[in-house]
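Lettering of chains follows the sequences in order, A, B, ..., and the numbering in each one begins at 1. Below, all heavy atoms of this structure are taken into account, side chains as well, without hydrogens, waters or symmetry copies. Note that the structure is a prediction, hence the values are computed from the model and not measured.
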Amino acid sequence: MRSSLQAVALWGKKAPSHSITAIMITDDQQTIVTGSQEGQLCLWNLSPELKISAKELLFGHSASVTCLARARDFSKQPYVVSAAENGEMCVWNVTNGQCVEMATLPYRHTAICYYHCSFRMTGEGWLLCCGEYQDVLIIDAKSLDVIHTFISSQSPDWINCMCIVHSMRIQEDSLLVVSVAGELKVWDLSSSINSIQEKQDVYEKESKFLDSLNCRTIRFCTYTERLLLVVFSKCWKVYDYCDFSLLWTEVSGSGQCFAGGEVLAAHRIIIWTEDGHSYIYQLLNSGLSKSIYPADGRVLKETIYPHLLCSTSVQENKNQSLSFVMGYMNERKEPFYKVLFSGEVSGRITLWHIPDVPVSKFDGSPREIPITATWTLQDNFDKHHTMSQSIIDHVSGTGTVGVTSSEHVPSLDKLICGCEDGTIFITQALNAAKAGLLEGGSLLKDSLPYKVLKGHHQGVTSLLYPHGLSSKLDQSWLVSGDQDSCVILWNIFTEEILHKFFLEAGPVTSLLMSPENFRLRSDQVICCVCSDHSVALLHLEGKRYLLHARKHLFPVRMIKWHPVENFLIVGCADDSAYIWEIETGTLERHETGERARIILNCCDDSQLLKPESVLVVASETHKHKSVEQRSSSAYSFGPIPCPGLQVESSCKVADAKSFSGPFKVLPVKTKWSNIGFHILLFDLENLVELLLPTPICDVDPSNSFYGSEILRRAKSTVEKKTLTLKRNKTACGSLSAEAQAKPIGENPAQGDNTVKFLEESDGIKRQKKTKNSKKMHPKPSRKVDANITVDAAKLFLSCFLPWGVDKELDNLCIKHLNILKLQGSVSLGLASNEDRFSLMLPGWDVCNDEMKTDYSKVNLFSKKVLDLSNKYTSTLPNQVGLPRGLENNCDSLQESNTLVYLLSRLFVVNKLVNMPLELACGTDRSFKMESVHNKAKSPGNEILTFSSFYGYLRNGKNESHIPEADISLLKLISCWRDQSVQVTEAIQAVLLAEVQQHMKTLSKTPVNSQPVPMTEDVHCEMRQILQNTEWTCGEEVELQCTTDTGPLQTPVSPVKHDSNSNSANFQDTEDMPDRCVLEESESPGISYFQICKWGVCYSLWSYILAVLLRKDSRKNGSLSTKPSLPFVR
Amino acid sequence: MATAMAATAAERAVLEEEFRWLLHDEVHAVLRQLQDILKEASLRFTLSCSGTGTEAPAKQENFILGSCSTDQVKGVLTLQGDALSQADVNLKMPRNNQLLHFAFREDKQWKLQQIQDARNHVSQAIYLLANRDESYQFRTGAEVLKLMDAVMLQLTRARNRLTTPATLTLPEIAASGLTRMFAPALPSDLLVNVYINLNKLCLTVYQLHALQPNSTKNFRPAGGAVLHSPGAMFEWGSQRLEVSHVHKVECVIPWLNDALVFFTVSLQLCQQLKDKISVFSSYWSYRPF
């Protein structure tokens, strides 16, 4: 996800399906981690009372998760590794849901064991992996690179399961594995660390044939250091570890399959089955020499037999026979429990608290251990229903009709939703989102205009807005397909049906449009993929069929267009390719195997539908890849609602190229469910750009959507330019928006000097412009789209502001910022460095223990936010707060100013916190960006860059004040990032602090303008004396100070002002408030002088912004030059 | 299907009845059929899925590899299950018509990973199916779809293992254990690779010559390929080598052919079952899982 993108999820009433395939509890017993068939991971909070509550959903895998394991020493780093069916591996930080590392290897793992030997090993340890490949892979836990393998000399085969044996007695760690064929192998672990590191072959020490297939678990009894428990699907066996002699075999009952087991204590084991039962046995020494197993010729001295003590089973319900994954956690330390846990395909988690000493009933029959807790995602959604608002609930009236497909048209701010019952709603996206999230949304709900298109008789399965793909097409057209194979062409403005196509080919699974370079008699065609595996081509202008390709035996995975020869190339799930001649509708060729692969790879540029599209929400890197791919056509400029992902891709989240506005609603669907949810995406960068009253407004005060569209195009041109590293300074057409145009002129390869020079000249120009623009700014002549931008910004603030911290503050925010309070906490999204991200689930806020006591606080991300916010406030300089201390009679303007100010602040914060991650990603790939590297490698350098601005300001601009504190602020934020403060936390903290500052000013202003300001001044004076003597004293003091000195520290003010460091300036500071008050009380409106001041202040921030934006574009360039994405094979 | 929504209650009842029949009877019939086919396929891999490795060792099959165009290389490979137990390769040197002969060491076998993987994938698929025998009641269509997806994934992988041999670079071939399998050791100017391509057992012999260090030739190491062509260069040890001749001989393994057919048939069966289920999707999608 692009770093400046912030996400808020609107889940809806129904939880996304989560078919658990892997489950584990972290070592601290606070989090349950589950992996699902859909590819998502879920983090569940486990309270000390063993209550479960879902916390976060982690998106990162595009295929079913196969296994989970600890990836570090958990007490040091709470990391968990997950592996997926398609070879993806991710390391997640389970406390914050961030993806720390990821890799895609050509191996499918079925089990992973973390191994670390602190005194012999450097680094973070190994992940020992086994799966659908020979022997055991050793993967570095930090970098996820394959280090080496443990090789078998005898009959190498796939390994089913493994365990690490730490034996105190022999002071050696060993790796025990069982292969598919049932062969037990033992490798020395600790003594072979050196040879592994030197890449020498390490062969097994012992191997023994176990005479059973489908081994599920192998466990070593650490209590006796003697017994070995091996669970096969049809039996479990106990061996003597010393000589691997068989002690007992227990065959499963009728139809039951064992799934795993664990050693509870000495001679006590637990075995569980695939259908969710478990059995606790006591292993009794018989003492007698029963000759059960005389295979090796000698009589065993002793043998054991099991005695069933207890059993557990899941609730008898209709889903009982589904498959389960279970695990057992054995903790002997006190606050922890012995817990048996299971996850079902239906998404239910069940816990049993196993007593320390399980005993049978008095009569000797097994005792049933009751279920301690059970929970599903849906329970979370039901419990916290205010948070599980759907974007369309209020529109559809009943609120029960599921949305089966949706499409956001940013250019019209329309959200089009197709429902289960065949109706299509068209509503205003932003207002719908507001109505769903904000307090007082009920007002909006009633007034929210919407249209209903009725024409389908069955659920609408796919929607397409052609104009969004190609601006040449009619803006009023909408194409929708339903379950019933009916495709309707609508006019969305008049709400009439233009044409109905009946395909008679099963549900329409997706609607696509041919790329712009493919035209049939100068028109683009619509391509419908149906669930009977056929593909139909429709000609919209002519309202007729072109082709119905029906011969595919397997689902369609890929569609390609051959523009020159008018071929349609269809790739199917069985790796075959069909080539259809569009004109005649005949099957030209059918190929399978290698040749099909070549055909499907040949015309990359015309590719439309990507089958295994990785789950990417707006990743920067991905964006550039797509630009590269489509560089031949103008196609990449417009917003492309990525249409093709739904063909069996695990989770269809559209990617960056579809995102090009400040606000976007992204429909998300998971596999095997036709009802999805929505993610609101806010592009901070874009918001700031659009709101910033800099030359953008100057050029086109109306700031129409068209204008911003041009901007966007220009921007992508910019990106492309830097991408190809053409040193072309022309282009960009007539666009005069300097902020946009500048990065073109700025070649990434240019040295610092040039950059600085550009910045300087840039700055001067900009200042002039700003002044000019400021003059005409108060014109309220903004079109609807500008309003949308403002509204989006407000919604963004509403969603990110921690409400309820201070009641008064809330009210001030509502009053002065004109934003609405949230109904409840929102589900925020957190982007990891690349295309992995996490979304909070409804009820995440009650998961945090510390938050539980205080219900008044809504949406507070973590307790840390408050601390951070305080820290920030204490370093907050007096100078920067620009629109502070204004009177209240210019609300609208002031409001928008504040908005811009806050947003730009947040943007900078976001950038700063995100920077190292991004660069870390980019560093190894970019090779041309030395200047960027030098500048941005260390936070210190970056600050240097910033201070150079101030330096420049001082020299070039009449000795204006250098805000030392501002630099310290930047330092603070950079410091946060080193302390791995999350972006969301940082944003919330800064937002809170800034708003507090700002609002306090507002509440104080009336006092200021009263005729007796003297007390205040004296007060201030005293405070300042205090402050000078005791510089480190609390924020309160500083706050006060800021309040009064805020507006006068503008660079325009002729008085030199340095209250913080120099007590000689006392006179000035005393004077200034008075003057301010004078001005304020005298001028009814905003004086020109003031406007100027603001303007200049703006420009100050806009420098930082400009640099960041520019850095961005440069970074983009650097990122895009990398050869390939790691997750694309 | 098309009338499902507008259908009368009676029609709906009939459709639901039909769906129930599909879930309870038809699915199991298909699964049984699938199991039969796959068991047949796994028999081809000389792995009886119920039995264990204690049975008599897999029978040995001899394959005589040749090519229709030239007779410079002849090979006799002995396949024992998934392992090559013996190999005799005769190479007629193109320059001097000298005949080279080399064979496997007696004590060693060479696992053909492609066959092993395909076999393991098939047994995984069988295992998945065996867990859902007649006694198991499917309750939702989604359940069947998920099972079919899992089975199809295994089958597709099994097939792809056979149809797509690994693309190896020349240094990888040189470093592979196969070159160490021969006694007497392979001459340093020869590389050998054995792989499965579709239903064929293929043997490639690369003849190499060293590039002079001061050679004017532009050295560009070749990437990975199934079959390298003459002129491909690589660095091995401190030497730069170039492929001078490539000989490829192959032989059809009949049972691999059968297995591939079985895979294709069972994949189609799976897909058809999925399609049948999806016809009713408008019914079960309304219901909770």
Determine, step by step, whether B/R119 and A/W158 satisfy the side chain to side chain contact (heavy atoms under 4.5 Å, CB included) criterion, reporting the C-alpha distance in whole Å, the side-chain angles of both residues, the deciding distance to 0.1 Å, and the verdict. CA-CA 11 Å; B/R119 187 199 66 196; A/W158 293 5; over 6 Å; no

Can you tell me which portion of [X] sits under 4.5 Å from chain A's heavy atoms? Options are side chain, backbone, both or neither.
X	value
B/L153	side chain
B/D275	side chain
B/D133	neither
B/E134	neither

Heavy-atom pairs under 4.5 Å with chain B, option from A/S485, A/S233, A/S531, A/G182 with the top count =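 Ranked by contacts with chain B, first place is A/S233.
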
Pick from A/N214, A/D575, A/V180, A/D532: which one has the most heavy-atom pairs with chain B under 4.5 Å?
->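 Answer, by heavy-atom pair count under 4.5 Å with chain B: A/N214.
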
Rounded to the nearest 0.5 Å, what separation is found between the NE2 atom of A/H552 and the CD atom of B/Q271?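 So the NE2 of A/H552 and the CD of B/Q271 are separated by 13.0 Å.
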
### Task
Any chance you could measure B/T164, atom OG1, to A/R597, atom CZ, to the nearest 0.5 Å?
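It comes to 5.5 Å.
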
Can you tell me if [atom1] on [X] sees more than 12 non-hydrogen neighbours from other groups inside 6.0 Å?
X	atom1	value
B/E106	CD	no
A/K500	NZ	yes
A/K234	NZ	yes
A/R550	CZ	yes
B/K108	NZ	no
A/Q154	CD	no
A/E591	CD	yes

The criterion is side chain to side chain donor-acceptor pair (under 3.5 Å); which residues satisfy it with B/E18, sequence neighbours excluded?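 Per chain and number, B/E18 pairs via side chain to side chain donor-acceptor pair (under 3.5 Å) with no residue.
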
Exercise. Tell me, please, which residues at least two apart from B/Q114 pass side chain to side chain donor-acceptor pair (under 3.5 Å).
Key: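 Counting only residues at least two positions away or on another chain, B/Q114 forms no side chain to side chain donor-acceptor pair (under 3.5 Å).
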
Subject >> Residue part contacting chain B, namely of A/D157, when any heavy atom lies under 4.5 Å >> reply: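 Answer is both: backbone and side chain atoms of A/D157 are under 4.5 Å from chain B.
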
Side chain to side chain contact (heavy atoms under 4.5 Å, CB included) between A/V345 and B/E143, intermediate numbers included:
CA-CA 9 Å; A/V345 169; B/E143 213 181 331; over 6 Å; no

Q. Should B/Q109 and A/S155 count as side-chain neighbours, where that means a heavy-atom distance under 4.5 Å?
A.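 B/Q109 does not reach A/S155 side chain to side chain.
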
Q: Quick one: do A/D574 and B/Q268 satisfy side chain to side chain contact (heavy atoms under 4.5 Å, CB included)? Show the steps, please.
A: CA-CA 9 Å; A/D574 63 340; B/Q268 281 177 7; over 6 Å; no

Note to self: Run A/L213 and B/Y127 through side chain to side chain contact (heavy atoms under 4.5 Å, CB included) and show every step you take.
What the structure shows: CA-CA 10 Å; A/L213 287 175; B/Y127 179 72; over 6 Å; no

Taking A/P156's backbone N and O only, do any of them form a donor-acceptor pair with B/Q116's side chain (distance below 3.5 Å, no angle check)?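 A pair under 3.5 Å: yes.
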
Practice problem: Please determine, among B/K111, B/Q113, B/H121, the option with the most heavy-atom pairs under 4.5 Å with chain A. | Solution: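 That would be B/H121.
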
**Message:** So which residue, B/Q124, B/Q272, B/R157, B/R159, ends up with the most heavy-atom pairs under 4.5 Å with chain A?
**Reply:**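 It is B/R157.
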
